[in-house]
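Just below is one structure, and these are the notes that go with it.
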Amino acid sequence: MSSEELSKSYEPTEVEARWSKKWLDDGLFRADPHSKKPPFSIVLPPPNVTGSLHLGHALTATIQDILTRWKRMSGFNVLWLPGTDHAGIATQMVVERELMKTEKKSRHDLGREEFLKRVWAWKQQYGERIGQQHRLLGASLDWSRERFTMDAGVSEAVKEVFIRLHKEGLIYRANRLINWDPVLRTALSDLEVDNEETNGSLWSIAYPVEGSTEKLVVATTRPETMLGDTAVAVHPDDERYKHLIGKNVVLPLVNRKIPIIADKELVDPKFGTGVVKVTPAHDHNDYATGIRHDLPMINIFTETAFVNENGGPYQGLERFAARKKVLEDLTALELLVEEKPHKLPLAKSQRSGVPVEPRLSRQWYVKVKPLAERALKAVADGRTKFVPDQWTATFNRWLENITDWCVSRQLWWGHQIPAWFPVGADSTVDFENSTPFVGREPPAEGQWVQDPDVLDTWFSSALWPFSTLGWPDASSPDLKTWYPNSVMETGHDIIFFWVARMMMMGLHFMDDVPFRTVYLHAMVRDEKGEKMSKTKGNVIDPLDIIQGAPPERLPASIKNKYPKGLEPMGADALRFTLAALTQQGRDIKLSIDRIGGYKAFCNKLWNATRFGMMNLGDFQDDGRVFIKERALSLSDRWILSRLDRAVRETGDALERYAFSDATSTLYQFIWGEFCDWYIELSKGALYGDDDAAKTSTRATFVFCLDRVLRLLHPFAPFITEEIWQKLPMARTVNSIAIAEFPKPDDRLRDEVAEATMAPVITAIEGIRTVRGESNLSPALRIEALVQSDESMVRETLETYRRYVLPLAGLSKLTVERLGTKPPQAAAEIRHQMEIYVPLAGLVDLAEERERLKKEIGKSEAESAQIQKKFENPNYATRAPPDVVEKDKARLAELASRVGKLNDNLKRIAPVEVRVAPPASGPVNLVEELKAELSEMTVPAGEPDQQVREALDKLREGTKEGLSSQDHRDLGVAYMNMGLVDDAVREFNAAKEEDEPAKKKAPAAPKKTAPKKAAPKKTAPKKAVAKKPAPKKKPAPKKPAAAKKKPVAKKPTAKKKR
RNA sequence: GGGCGGAUAGCUCAGCGGUAGAGCGUCGCCCUUACACGGCGAGGGUCGCAGGUUCGAAACCUGCUCCGCCUACCA
């Protein structure tokens, strides 16, 4: 790691290309079914073979790759199996559209065989793209096992399943009302229909009652379907129409007699006119009614939704044209009573977007009830778990109300149904009424043709967890090793389409659940929260983010924000972002800026490595000496201990599928602790000439970086591999991808080191705060004084001044007991220490006063808040003692803090000072200060009466009897005369006078909350008096123990992103 | 209509009974020899509204208001 030069910033593109190729060449991700390791398997949800990956796929790949790499590194025999889906309707549509565009031909012009050739060619051409995208994302898939849903093996599984289900009576053929897409000319399952609220109309049409002048007025949203009406229904209890039940109406326009029936399920007497026209062949409700009442069913549309021969004079009209004509004709007959606006749910085909036309048709169905029951039970028994578990309820509800699954599609691209129809004597085939034979091959006797229909794409997808592993060959080693899959990870949008169906098929054919855990992720949306879709133009190709893209390649919305295009972000940054945005049950809003932030994080890591390369010299870790056996410095011990926490937290987070917790732990550790603190602290040793210290620091650096890279590897595989390969250390494997995932190691934990570092960090931060607040240039070396009555703090700061000096930018550090304060110094009161930075000549003291006042205000506010709790007598008695203790301690700390801040404020009071009036009680410094500010007119150099008297006393040698107030007054006087040292001495003396009093009854609470009623103050006062006692001393670890704040009180947890 | 999720700092979100947090953005000082894709510091919130439970509620309960998503046969 010494000689090589690293580029100044991380350039992902070249690195990623190199490693994705290398991993592939080395076959690192090839799974071995005969391995002795415990198995772990995931099958990739197969994307549409002719599509290209979008960010949703990138999220899928990222999460699965994180799990996969983590498990692989943790000693599992991992299989992550890739594949693609033939995506029947979608693919067929794309190819048809292309055919029409380039050759002006329909698929019918080509014929089935030729058309399918074209689809396969298309698949060959575009199928590669998805593989390529996955490789560039870093997905550690076993490409040797890649499957396609129309591969021979998978097709064999599909046939087997169909035939067996048929034999078991779970697949049957029936003539029912189905959802028909008149553009694609195929049946659809319920799930492939989207209900969309639409603004339509509700028309009222008068139907004349036969043999009467009465008319029944029906309400409808689809008047054209009246051509197929076979009844009119009223509610049996509706007094308005009771007398008409059993009579007929004459259907206008077609003059067909149809009965008036009573049906309480269909009819809600309160809606519309309370009369419903019944069109069983074109409406799902009417269909059910038709069955109940044994009504005739008249189909009035062709496959393409044009009126057929049953529509009389309307034959040949498209359905919406027919509606218009029907309405016109009704108007002419004066039978159209009313048209009013009406919102209705319109069922549209998910694929073509066209309103679905319910159509009577003979189709194949799967009887799912029995299958669903097993799936429900498996989940109830905990054999499969949902993460997040809120999906369990969704899953259950759907399966509990499931209806039979229409699996036949009138398409060409897909698994042709293994059913055969006899060819009649006249060479025709009666697909409607003849009985098909189900089997791989037709019977030897007679002439048969195969059912032209294909199966729903999801039918083959449902078998994916086992069809990809060699089923139906039960002896397949892959199947034995990796079924059930460990995890199914996919988007929650296909829980019904896919997850539920895999559960049913897996249980039925493998007699075990297909996967133990289902992790469902959210949908990826754009930064405004809108769904990414081609029509909205906000779809981003993951590769454009990874490799960068010129503006013209970007969708308009992105181009607007990034007119210069996108810089290459790298796959690692994209992956880390996606993982960080993962949160349970919520959509993911992806922002490019956020990715940029994680790109910066990669760059940070890169540069930390660069720093190492420049400073590790010829160090080489041969791995023979355990790190803790070296002579480690405090910072070494500290970072190792922090590292162990990060290891623990990352592992825990992964166990819980809490990917975002893992990313924030890693981010925080790498940037906030390793880079911001450890590297800075290590510079002393690395730049110095103590060879032993140098070596231990180098060893620690390499040790930490190695662990942290391995921890990070599942999230950011490329940069971690690149860097890991450069570390000067012995390796047992040649890729980080198969190195061991770090495990917690108690030997690294060092509570003493963390506790010792705490005051060092506190001091550095305190001094930095003063610098920052005072706008001191970072280049300026300043002096600082730290006072503490804790000997441990003093000793630590003395011992580790070599840490404090450079990190706080000091030229001099003085450490002492609480005592004399420097004049004109900024003060910062921190836990167990007071920090003073003389500012004379450096900065305007007025600003420092403002700052102190603000600090005081804050502390007082917090103090008041806590005191309020004590005002409630129940608080002390009923709240847990530890909570009360904590509040008391905090109150004491605040009180002392306020006192100290006030002291300092006083000390750097303006030269033109108004001396406090004589006061019998405790001094209210805040009030006093306010007064000072408003009366800044007292001329300098002329101490008032009080001071003069005090000075007189002094001159008379009666100093002995001076009160603390006297000392203060004297101090002010000396200040006014420019005798700083004398002033300080007096202030100090004032303080000492105060001390004994404080120990009995602290003055601080009185100062901070003088308005409080006396009785209420008693409780906290006692507490305060007790608290600063020795008891607290051995607890400098408090800051380190705070879980979220790893370093100290307010450590480095302010990192970017 | 039913179900689920959400409403916390300008933005995106953690927190889910005991001192309001992070990242981004903002402001200030800095090109300090790993990193300006950087360093250091700071400001910023009556936790959607109204009740209730509790010593104590952003968190638990009830109701309401918005915003998403799923699901459903009001013609």
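Since we're looking at a predicted model, the values are computed, not measured. Residue numbering restarts at 1 for every chain, and letters A, B, ... go by the order of the sequence lines. Note that these values count all heavy atoms, side chains included, but never hydrogens, waters or copies made by symmetry.
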Under 4.0 Å, heavy atoms only, any strand: does [X] hit a base, just the sugar-phosphate, or nothing?
X: A:Cys602; value: nothing
X: A:Ser777; value: sugar-phosphate
X: A:Lys589; value: sugar-phosphate
X: A:Phe395; value: nothing

It should be established whether [X] places a side-chain nitrogen or oxygen under 4.0 Å from OP1 or OP2 of nucleotide [N].
X: A:Lys8; N: B:G38; result: no
X: A:Ser774; N: B:C29; result: no
X: A:Lys604; N: B:G39; result: yes

Starting at atom [atom1] of [X], determine the distance to atom [atom2] of [N], rounded to an integer number of angstrom.
X: A:Asp676; N: B:A22; atom1: CG; atom2: C1'; value: 15 Å
X: A:Asp661; N: B:G21; atom1: CG; atom2: C1'; value: 13 Å
X: A:Leu574; N: B:C37; atom1: CG; atom2: P; value: 21 Å
X: A:Met613; N: B:C35; atom1: CE; atom2: C1'; value: 15 Å
X: A:Phe601; N: B:A34; atom1: CZ; atom2: C1'; value: 15 Å
X: A:Arg610; N: B:G38; atom1: CZ; atom2: P; value: 14 Å
X: A:Asn607; N: B:C35; atom1: CG; atom2: P; value: 6 Å
X: A:Asn775; N: B:G43; atom1: CG; atom2: C1'; value: 13 Å

> Below 6.0 angstrom between ring centroids: does that apply to A:Phe715 and A:Tyr667?
Replying inline: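 That pair fails the under 6.0 Å test.
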
>> Set out, in order, the CA-CA distance, both residues' side-chain angles and the distance that settles salt bridge (charged side-chain N to carboxylate O under 4.0 Å, His left out) for A:Arg222 and A:Glu357, then state yes or no.
In response: CA-CA 11 Å; A:Arg222 294 199 63 194; A:Glu357 187 59 56; 2.9 Å; yes

>> Walk me through whether A:Thr279 and A:Met226 qualify under side-chain contact (heavy atoms from CB on, under 4.5 Å).
In response: CA-CA 7 Å; A:Thr279 323; A:Met226 66 181 287; over 6 Å; no

[M] and [N], which share atom name [atom1], separated by this distance in whole Å:
N: B:C30; M: B:C35; atom1: C1'; result: 15 Å
N: B:U8; M: B:C27; atom1: P; result: 24 Å
N: B:C29; M: B:G43; atom1: C1'; result: 15 Å
N: B:C13; M: B:G17; atom1: P; result: 23 Å
N: B:A22; M: B:G15; atom1: P; result: 15 Å
N: B:U65; M: B:U54; atom1: P; result: 28 Å
N: B:G21; M: B:G44; atom1: P; result: 13 Å
N: B:C40; M: B:G51; atom1: P; result: 46 Å

> Parallel, tilted or perpendicular for A:Phe674 and A:Tyr678, by the 30°/60° rule?
Replying inline: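 The arrangement is parallel - the two ring planes meet at less than 30°.
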
> Tell me, for nucleotides 68-75 of chain B in 5' to 3' order, what letter each nucleotide earns: B for a base near a protein heavy atom under 4.0 Å, S for only sugar-phosphate near one, - for neither?
Replying inline: -S---BBB

>> Using a strict threshold of under 4.0 Å (side-chain N to carboxylate O), is an ion pair present between A:Lys561 and A:Asp593?
In response: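 Salt bridge present between A:Asp593 and A:Lys561.
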
>> So, using ring pair (Phe, Tyr, Trp, His ring centres under 6.0 Å) as the criterion, who are the partners of A:Phe669 when residues are at least two apart?
In response: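 Checked A:Phe669 against ring pair (Phe, Tyr, Trp, His ring centres under 6.0 Å); zero matches.
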
> Nearest to the side chain of A:Ile679, which nucleotide is it out of B:A34, B:A42, B:G38?
Replying inline: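 The answer is B:A34.
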
> What nucleotide, of B:A42, B:C37, B:A34, holds the atom closest to the side chain of A:Glu773?
Replying inline: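 Selected nucleotide: B:A42.
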
>> Run through RNA chain B and report every stem of 3 or more consecutive Watson-Crick or G-U pairs, distances under 3.5 Å, ordered by first number.
In response: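 Listed by first number, the stems are B:1-7 with B:65-71, B:10-13 with B:21-24, B:26-30 with B:38-42, B:48-52 with B:60-64.
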
> Is it the case that A:Ser201 and A:Glu339 place a side-chain donor and acceptor less than 3.5 Å from each other?
Replying inline: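 Judged by distance alone, the side chains do pair up.
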
>> For A:Trp391 and A:Phe386: C-alpha separation, side-chain torsions, deciding distance, then whether ring-ring contact (aromatic ring centres under 6.0 Å, His included) applies.
In response: CA-CA 6 Å; A:Trp391 293 110; A:Phe386 284 88; 8.4 Å; no

>> As a quick check of understanding, evaluate salt bridge (charged side-chain N to carboxylate O under 4.0 Å, His left out) for A:Asp229 and A:Lys277, giving each step before the final call.
In response: CA-CA 6 Å; A:Asp229 282 358; A:Lys277 62 193 270 310; 3.0 Å; yes

>> Need to verify one output field. Residue with the more 5' nearest nucleotide on RNA chain B, A:Glu11 or A:Gly772?
In response: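 Here A:Glu11 is the residue nearer the 5' end.
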
>> Please determine whether the number of non-hydrogen atoms from other residues, nucleotides or ligands lying under 6.0 Å from atom CD of A:Gln350 exceeds 12.
In response: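 More than 12 heavy atoms, drawn from other residues, nucleotides or ligands, come within 6.0 Å of this atom.
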
>> Using a 6.0 Å cut-off, check whether atom NZ of A:Lys343 has over 12 heavy atoms from anything other than its own residue.
In response: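 No, the 6.0 Å shell around NZ holds no more than 12 heavy atoms from other groups.
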
